[in-house]
Student: 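My structure is below; once you've seen it, I'll send some questions.
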2 protein chains.
Amino acid sequence: MTKPRQQIPKATVTRLAFYLRELQQMQRSGLANIQSRSIAERLGLNDSQVRRDISCLGTVGQRGVGYRVEELIESIQRVLGTDRNWNVILVGVGNLGRALSGYRGFQQQGFQLVGAFDSDPAKIGSSVGSLTIQSLDRLPEFARSNQVDLAILAVPADAAQSVASQIERVGIPGILNFAPIAVQASSSSRTIIQEVDLAIELQRLAFSVVPKSN
Amino acid sequence: MTKPRQQIPKATVTRLAFYLRELQQMQRSGLANIQSRSIAERLGLNDSQVRRDISCLGTVGQRGVGYRVEELIESIQRVLGTDRNWNVILVGVGNLGRALSGYRGFQQQGFQLVGAFDSDPAKIGSSVGSLTIQSLDRLPEFARSNQVDLAILAVPADAAQSVASQIERVGIPGILNFAPIAVQASSSSRTIIQEVDLAIELQRLAFSVVPKSN
DNA sequence: TAGATTGTTAATCGATTAACAATC
DNA sequence: TAGATTGTTAATCGATTAACAATC
C-alpha cells in the first residue's frame, strides 16, 4: 500500500529524513519501539503530522503500541532511496569542498565519495582524503567508466554554471550545489539541481532572532 | 509601508535570501535594474511569487521598469537583519567546524566569527583561522564580555544537547545546529535553534533523482 | 502616447492539525 | 477488557499563481 513516491510532498520528504536521523540515534541507544508523539516532541512537530508522514511509507504501526524503530528506519530509507549506496563525486576542492569531503555524515547515510575534480592545475594530482584530485577534463571519461549518481558542486560562483553544465552533459542525474549562485539545468537534461547555502541558513536564523517590531 | 516582520512567511524569508544572493551577483556585474521575471527565471520561480515576496519589503519597483538592484539589496538586508554585523561563535572545532570557520560566505553576509570553543583539551590553545580555540568552560565569561549574537554548533551528536543548553544558558539568542541530532531549547529560554544537516540535503536530492515508480 | 511591468486580488492548490473511530 | 495509540477524515490554515488594473 505504499503511496507512489511521486505523490509524497517535498515537505514530508524533508521531515522523513529528520525522522530517520532521530530513529537511528534511538536505535543506537537500544530503543525498539517508538510513538508518533515521541518523534514529534523530539523534533518540535505535531504528532498528527508525524503519523500522516509515516502513512506515506506504507509501513504501519501497531495501534496502542507504536512503530518498530527498525522497520521505520528501513522503510524511510527505501522511500528516500538510501537503502542502497550512492556514488558521489566532489567537483571543486577548495576549503568548503575539502571539508565536505571529510564529512562523516555522508558516508553514514550511504553516500560514498568516489572521485574529486578541480580545474586548478596546482591541485590536480594532490589528494583529498583517500582520493587523488583529477582534472575536470577527465570527468567525461570518469563518468563513462564509473557509475556516478550525484555530484557535489563546490566551485566559485563565477565557474558554477559552466561546471554544472559539464556535469549535466556527462549524464550525472543530481547536483548538490554549494556554489553561492543558482545554476540552471538545461531544459533538455534530466539532471536535478538542489541548492544549499550555509550563509542563507545563518540569514534565516538571523531573521528569526531579530526582535520583531509591531 | 513595510509589513510587520513577523508576518513575513518563512518560505518568503528563505526566498528573499536567495534573491539577495543573486542581486549581489548582478550588482557585481554592474546591473542597476532588474525585473521580477528575470529574478524568477534565474531561480526557477514564478514571477508573481517574486513580486509578492518583494512586496513584503515595503520597497517598491517602478511599473514598466522594474526594481533598482541596490535598493532591493538594502531592503532585503534590512528585513533579514543583515544590514548590520552579527557576532558569531563556533562551538565544536572538528572537521566540519574547522571548515565552517573558513567559509567566506558567512563574512560576506555580515557574519563575523569572534570566538571558537571546544571541550577537547588537546585542541584548546591551538588556532583556527585567526582565533585561538578556548575551553568551553570559558564561554560564560566570554559571553559576558562580548556581544555574541549567534552560535554555530558543530559538536558530535552525543554532546549536542548538553552543549546547546550551555549556549542557551549564557543567553545567546540563536543556534545554528550542524550536529546530526535535533536539540531542543528549554521552554524558559528565548534561544532559537535552526537545524542544518548536509546529509539530509543529499537525501532530499537522492529522493528527487530516483526514478519514480508507481 | 504605447509598451512594459508592477502591485494586488481572487482562485487554486497544498500542507497542517484537531478529532475520533478503529484496533492493538 | 481497559488503556493506549494508530490511521484517516474533515476543517483549517497558509502558500502559490493567474490575471489584470494601475501606472511608470
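Lettering of chains follows the sequences in order, A, B, ..., and the numbering in each one begins at 1. None of the values given here were measured: they were computed from a predicted structure.
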Student: So how far is it from A:Arg51 CZ to A:Cys56 SG, rounded to the nearest 0.5 Å?
Tutor: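 SG of A:Cys56 is found 13.5 Å from CZ of A:Arg51.
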Student: How many whole angstroms separate atom CD of A:Glu41 from atom P of D:dT5?
Tutor: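 Value for this atom pair: 11 Å.
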Student: Heavy atoms, side chains only, cut-off 4.5 Å: are B:Glu22 and A:Ile181 in contact?
Tutor: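 The answer is yes, as the side chains (C-beta and beyond) meet within the 4.5 Å cut-off.
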Student: At their closest point, which heavy atom of B:Leu90 faces which heavy atom of B:Ala154, and how far apart are they?
Tutor: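 That closest heavy-atom pairing would be CD1-CB, 4.5 Å.
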Student: When you check every protein heavy atom under 4.0 Å of nucleotides 12-21 of chain D, what one-letter string (B, S, -) results, 5' to 3'?
Tutor: ---SBBBB--
Student: Taking C-beta and beyond as the side chain, do A:Leu80 and A:Val13 meet within less than 4.5 Å on heavy atoms?
Tutor: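 A:Leu80 vs A:Val13: side chains touch.
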Student: Dot-bracket for DNA chain D, please, read 5' to 3', with Watson-Crick or G-U wobble pairs under 3.5 Å on both distances, ( ) within the strand, [ ] crossing, | other strand, . unpaired.
Tutor: ..||||||||||||||||||||||
Student: Under 4.0 Å between a side-chain N/O of B:Tyr67 and OP1 or OP2 of C:dA4, yes or no?
Tutor: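 Checking B:Tyr67 against C:dA4: no side-chain N or O falls below 4.0 Å of OP1 or OP2.
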Student: Would you check if there is a donor-acceptor pair between the side chains of A:Asp53 and A:Thr12 at a distance under 3.5 Å?
Tutor: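 Result is yes, a qualifying pair exists.
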Student: What is the separation between atom CZ on A:Arg68 and atom C1' on C:dC24, rounded to the nearest whole Å?
Tutor: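 A:Arg68 atom CZ is separated from C:dC24 atom C1' by 15 Å.
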Student: If I take atom CZ in residue A:Arg37 and atom C1' in nucleotide D:dA4, what distance separates them, rounded to the nearest angstrom?
Tutor: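 The answer, rounded to whole Å, is 10 Å.
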Student: If we ignore angles and hydrogens, is there a donor and acceptor under 3.5 Å between the side chains of B:Ser208 and A:Gln194?
Tutor: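 On atom types as modelled, these side chains do not qualify, holding no pair under 3.5 Å.
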Student: Are any non-hydrogen side-chain atoms of B:Ile73 and B:Gln27 less than 4.5 angstrom apart?
Tutor: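 They are in contact (side-chain heavy atoms under 4.5 Å apart), so the answer is yes.
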Student: Take the protein atom CD1 of B:Ile54 and the nucleotide atom C1' of C:dT8, then report the distance between them rounded to whole Å.
Tutor: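 It is 14 Å, rounded to the nearest whole Å.
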Student: By the definition side-chain contact (heavy atoms from CB on, under 4.5 Å), identify the one residue from B:Asn177, B:Val91, B:Ile193, B:Val148 that meets it with B:Ile167.
Tutor: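 The residue from B:Asn177, B:Val91, B:Ile193, B:Val148 that satisfies side-chain contact (heavy atoms from CB on, under 4.5 Å) with B:Ile167 turns out to be B:Val91.
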Student: Judged by modelled atom types alone, do A:Glu41 and B:Gln184 share a side-chain donor-acceptor pair under 3.5 Å?
Tutor: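 Judged by distance alone, the side chains do not pair up.
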Student: Within this structure, what is the CD-to-C1' distance between A:Gln35 and D:dG7, rounded to whole angstrom?
Tutor: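 Spelled out: CD on A:Gln35 to C1' on D:dG7 is 15 Å.
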Student: Using atom CD1 of B:Ile34 as one end and atom P of C:dA4 as the other, report the distance to the nearest whole Å.
Tutor: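 Roughly 17 Å, once rounded to whole Å.
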Student: Check the phosphate of C:dT6 against B:Ser36, side-chain N and O only, distance under 4.0 Å to OP1 or OP2. Yes or no?
Tutor: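 It does, given that an N or O in the side chain of B:Ser36 lies less than 4.0 Å from OP1 or OP2 of C:dT6.
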